[in-house]
2 protein chains.
Amino acid sequence: MKKKISIHDIAKALDLSATTISFVLNGKAEEKKISEDVRKRVSDYIKEVGYQPNMIAKSLRTGKTHIIGMLVEDISDPFFSCISRGIETIAYNHKYKIFFASTENDTEKTKALIKVFRERQVDGYIMAPPAGVEEEIRALMDDDIPVILFDRYLPSLNTSTVIIDNFSGSYQAVKHLSENGFSGIAFLTLNSEQTQMHARLQGYLKAIEESGCQPVVQKLPSKLSHELSAEMVQEFIKQHDKIDAIIFATNYLAISGLQAIRDMGLAIPDDIAVIGFDDNTHFNLFTPSITAVAQPIEEIAQEVVRQLLNALSNERESRIRRMVMLPVKLIVRNSTYPKVKKKIVHSEPSTMKIN
Amino acid sequence: MKKKISIHDIAKALDLSATTISFVLNGKAEEKKISEDVRKRVSDYIKEVGYQPNMIAKSLRTGKTHIIGMLVEDISDPFFSCISRGIETIAYNHKYKIFFASTENDTEKTKALIKVFRERQVDGYIMAPPAGVEEEIRALMDDDIPVILFDRYLPSLNTSTVIIDNFSGSYQAVKHLSENGFSGIAFLTLNSEQTQMHARLQGYLKAIEESGCQPVVQKLPSKLSHELSAEMVQEFIKQHDKIDAIIFATNYLAISGLQAIRDMGLAIPDDIAVIGFDDNTHFNLFTPSITAVAQPIEEIAQEVVRQLLNALSNERESRIRRMVMLPVKLIVRNSTYPKVKKKIVHSEPSTMKIN
DNA sequence: GTCTATCACTAAATCGATTAACTAAAAATA
DNA sequence: TATTTTTAGTTAATCGATTTAGTGATAGAC
């Protein structure tokens, strides 16, 4: 077991000072007028012994870790894992590493994670925050540590943020369904006040209002297992026999919902049409395939990293915080709807109220 | 912007030495006979000013980072993201953080990542390694750094390893199909020499041999997009009109394959039966739902962390390296097979020995 | 009354880098 | 030639913790 070699070992071996080695290592040879000869001796020796600088020591001295802390709801959720992958790749290309952690949308857990990340001196944060961590985030900003939010934001905080046009997503979904003859369009969402969920609901309500139909909204508790949510969706469908379409506000809910629909032996879209939010669950492979509101994963990742790198490279005063809203796209998969023929037939939409 | 406070600031404020603060902080107050009074003053003050120790400094001094480096093929793959989530949770409970990175199965990228992790002095490694990094892993082991492999292993290396019974997985899959009357059972795999792929192929071949059918094996290049693999699967199916069932050796392939089958307008299982490997892609929601070989994700995560923590807490000499093989489970989803009637009479159950 | 043990701490070295300030020798300038 | 400037480095402080070795004061033993 060879022991780790340090910059001083190199200095000793080459009969130079650690300073000189450091200069060569950090590309300051030119600037610091280190001779060609010494430069070469140092780089050759470093290659020969396979020297690896100790980033811990470097970080302690410089105050920079080149680590980004990333807090997502659940790293095993397809949406978050895809975003993470994109961010990981881009960040690594810029010599930044990422610490991932799952918040489970739990305020206390998130606070604890922020504390851990602070202790580790991460250079910046990327978060899909739960409510209730405003204080901690403000503290980060006060200490001049860049924070980028995504997926959702905290209204009381002026942070850089990357979100998608959730309102438009569910608005388009409703429009699509009503244009295809559906009139009992329900919206299944989570009992959550997060901004993205709120916008999705508002988009639904706006479009429903415009279509003249009655809104049917069901909020499920978050953190339910798929089994439990599926049961509740079944219950919901049974109690609302007028609905002929459901929009699921998250992919997790869509999975549970599809399970419920399958368990009930209902046909999609003949018995009930379905639209999912977020298209990372291979909705194209279901039979029939499922229409979904697709989020631009790659663009979100790019924009998040761009903003973070920008914040990291600028002094606090010159930092511009901005909210970027990226467009969504409705991926229509089920074009042959059974009701298309009897479209517009609902001459008396008032009777259609389902509540 | 309040500046960070250090252990020396505390010492100064309380008119004590940094040593004393450190002792109290690290629970050595008892052992080092620090008075009740001082202990309380220190802890009160720490709480009051919200002191957060600098782990970078701590790591530099102690040589321990309490960080685990984890290298997976692709963090956005459902299998790896679920494993990662499990490992993350358990590790955090033991005060370890995880660095995740995706190797893309690329040898050079993996070497670079190992180098980065070494520079950051991670305490241990969890890897699903590509071939060709034996040297680097051996170097880690030589330097007494724990390494746990999972999903696959490197035959030339005596490492701690957690794998699943891949052989049995595809063996069971073939048996299931042949018992249900299928005789043209193809095996679609990757052109990879990794141990898990090899074992899956061997299990398939053994079972096919026992069933008296002809093996049909197709190896696709890895790193293809879903679109490209789907095309190749289509091509494959068209060229082999005798096959009535396909076993996909990875979930990524299964997704591509299902796309191909859908594009060709084939019915599952009437035209072609399908079994997937790994059950994290919600195969239960496809119509008809897809039978799959399920890996025990939770158990894998637990076993990996258990082995790593064990290695981290023991001196090198007392470390036992061992390979743990966890069982898989065939999740039968499509019980109503069209061909069940013409089931072949397997009169010799003695052939059931699996090795 | 001296000697030793225990108590309740502290001083200073250390981990491995970076960096501001300095210096001896060589080269350029006056 | 004397002086200044440049070259090619070096010394030592520093980042914020841990930890070994010690210290002065008091208590107890004989």
Side-chain angles (χ1 to χ4, degrees), chain A residues 2-43 46 49-67 116 118-123 143, chain B residues 2-43 46 49-67 116 118-123 143:
Chain A
K2 48 189 185 265
K3 64 177 76 70
K4 293 242 167 68
I5 98 162
S6 81
I7 204 168
H8 285 103
D9 299 329
I10 299 173
K12 205 162 296 171
L14 298 180
D15 198 27
L16 291 165
S17 76
T19 309
T20 306
I21 313 298
S22 175
F23 287 155
V24 176
L25 246 50
N26 292 292
K28 297 195 181 157
E30 196 88 16
E31 176 192 344
K32 299 292 182 175
K33 326 251 178 197
I34 306 298
S35 68
E36 251 326 315
D37 169 54
V38 167
R39 274 182 238 190
K40 184 155 164 29
R41 274 170 61 215
V42 172
S43 13
I46 277 164
V49 299
Y51 166 70
Q52 295 183 328
N54 184 325
M55 290 300 169
I56 299 291
K58 182 170 189 151
S59 291
L60 178 59
R61 183 63 232 261
T62 63
K64 300 280 146 218
T65 54
H66 266 236
I67 295 174
V116 166
R118 294 210 67 161
E119 289 177 349
R120 305 224 168 231
Q121 323 287 130
V122 307
D123 288 350
D143 288 355
Chain B
K2 48 187 184 269
K3 65 178 72 70
K4 294 242 166 71
I5 99 161
S6 80
I7 204 167
H8 285 101
D9 300 328
I10 300 174
K12 207 162 295 171
L14 297 181
D15 198 26
L16 290 165
S17 76
T19 310
T20 305
I21 314 297
S22 175
F23 287 155
V24 175
L25 245 50
N26 292 291
K28 297 195 180 157
E30 195 87 17
E31 177 192 344
K32 299 293 183 176
K33 328 247 176 197
I34 306 297
S35 68
E36 247 333 311
D37 169 55
V38 168
R39 272 181 240 191
K40 183 153 166 30
R41 275 170 59 216
V42 172
S43 15
I46 278 165
V49 298
Y51 166 71
Q52 296 182 328
N54 183 326
M55 291 299 168
I56 299 290
K58 183 169 188 151
S59 291
L60 178 59
R61 183 64 235 258
T62 62
K64 300 280 146 216
T65 54
H66 266 236
I67 295 174
V116 165
R118 293 210 67 162
E119 290 176 350
R120 304 221 169 234
Q121 324 289 129
V122 307
D123 287 350
D143 289 355

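Since we're looking at a predicted model, the values are computed, not measured.
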Send over the distance from B/Ile5 CD1 to D/dG16 C1', rounded to a whole Å.
-> 12 Å
Closest to the 5' end of DNA chain C, once B/Leu16 and A/Lys28 are matched to their nearest nucleotides, is B/Leu16
Under-4.0 Å side-chain N/O to phosphate OP1/OP2 contact, A/Asn26 with C/dT18 = yes
Does the C/dT19 base have a donor-acceptor partner in the side chain of A/Thr19 within less than 3.5 Å?
-> yes
Counting just side-chain N and O atoms, does A/Ser22 come under 4.0 Å of either OP1 or OP2 of C/dT19?
-> no
Separation of D/dG16 P from A/Glu119 CD (nearest whole Å) | 15 Å
The answer to which of B/Phe23 and A/Ile56 contacts DNA chain C further toward the 5' end, by nearest nucleotide, is B/Phe23
Please check the phosphate of C/dA11 (OP1 and OP2 only) for any side-chain N or O of B/Ser17 closer than 4.0 Å.
-> no
Side-chain atoms of B/Ser35 come closest, of C/dA8, C/dA13, C/dG16, to C/dA8
May I have the distance from B/Ile34 (atom CD1) to C/dC7 (atom P), rounded to whole angstrom?
-> 12 Å
Are more than 12 heavy atoms from other residues, nucleotides or ligands located less than 6.0 Å from atom CG of B/Asp37?
-> yes
Look at A/Tyr51 and C/dG16 and indicate whether a side-chain polar atom (N or O) is within less than 4.0 Å of OP1 or OP2.
-> no
Considering only heavy side-chain atoms of B/Thr20, the closest of C/dA17, C/dC15, C/dC9 is C/dC9
Among C/dC15, C/dT18, C/dG16, which is the nearest nucleotide to the side chain of A/Leu60?
-> C/dG16
Does OP1 or OP2 of D/dA8 have a side-chain N or O of A/Lys33 closer than 4.0 Å?
-> no
Verify, without hydrogens or angle tests, whether A/Ser43 (side chain) and A/Arg39 (backbone) share a donor-acceptor contact under 3.5 angstrom.
-> yes
Could you state the CD-C1' distance from A/Glu31 to C/dT18, rounded to the nearest angstrom?
-> 13 Å
Note: B/Gly63 and B/Asp123 closest approach over all heavy atoms is O-OD1, 4.2 Å
